[in-house]
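Below: one structure, written as structure tokens.
Since this is a predicted model, take the numbers as computed values, not measurements.
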Amino acid sequence: MPPPKTENDLFFISDIFQKINWLSKAESTGVPSLSKKTINNIKVYVPTFKEQQAIGLLLKKIDDLIALQQRKLEHLELQKRGLLQQMFV
């Protein structure tokens, strides 16, 4: 297997692959599977490496912000549960 191309930003490429509806391309009715030919026939438009880096960095920052907000929400839900337990003791 050849090494991956270095002119691709991993955050950008990862996001593209997550957006592809892989199940719609499944080739069998039992266990979903894809052939190399099917995967290679998927058309993806890729900008220049510099643009990929900028887009990848932006998407990573958004993912980090979402994760931070989820942690804050979980913390607030724990506080709410604790306060409700204290109210009805």
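- Applying the under-4.5 Å side-chain rule to Ile, Leu, Val, Met, Phe, Trp and Tyr, the cluster around F17 extends to F12, I13, I16, I20, W22, L34, I39, I42, V44, V46, I55, L59.
- In this structure, N41 contributes its side chain and K37 its backbone to a donor-acceptor pair below 3.5 Å.
- By the side-chain contact (heavy atoms from CB on, under 4.5 Å) test, S14 is found to be paired with Q18, residues two or more places apart in sequence or in another chain being considered.
- Sorted by first and then second residue, the salt bridge (Lys or Arg N to Asp or Glu O under 4.0 Å) pairs involving residues 68-85 (not counting sequence neighbours) form an empty list.
- Taking each heavy atom of Q52 and E7 in turn, the nearest pair found is NE2-O, 3.7 Å.
- Hydrophobic side-chain contacts under 4.5 Å tie L83 to no other Ile, Leu, Val, Met, Phe, Trp or Tyr residue.
- Every residue meeting the side-chain contact (heavy atoms from CB on, under 4.5 Å) condition with N40, not counting sequence neighbours, appears here in chain and number order: K36.
- To the nearest 0.5 Å, atoms CG (L73) and CG (L78) are separated by 10.0 Å.
- Hydrophobic cluster of I62: the remaining members, joined at side-chain heavy-atom separations below 4.5 Å, are L58, I66, listed by chain and number.
- Residue pairs satisfying the salt bridge (Lys or Arg N to Asp or Glu O under 4.0 Å) criterion with at least one member in residues 41-62, sequence neighbours excluded, are listed as follows: K60-D64.
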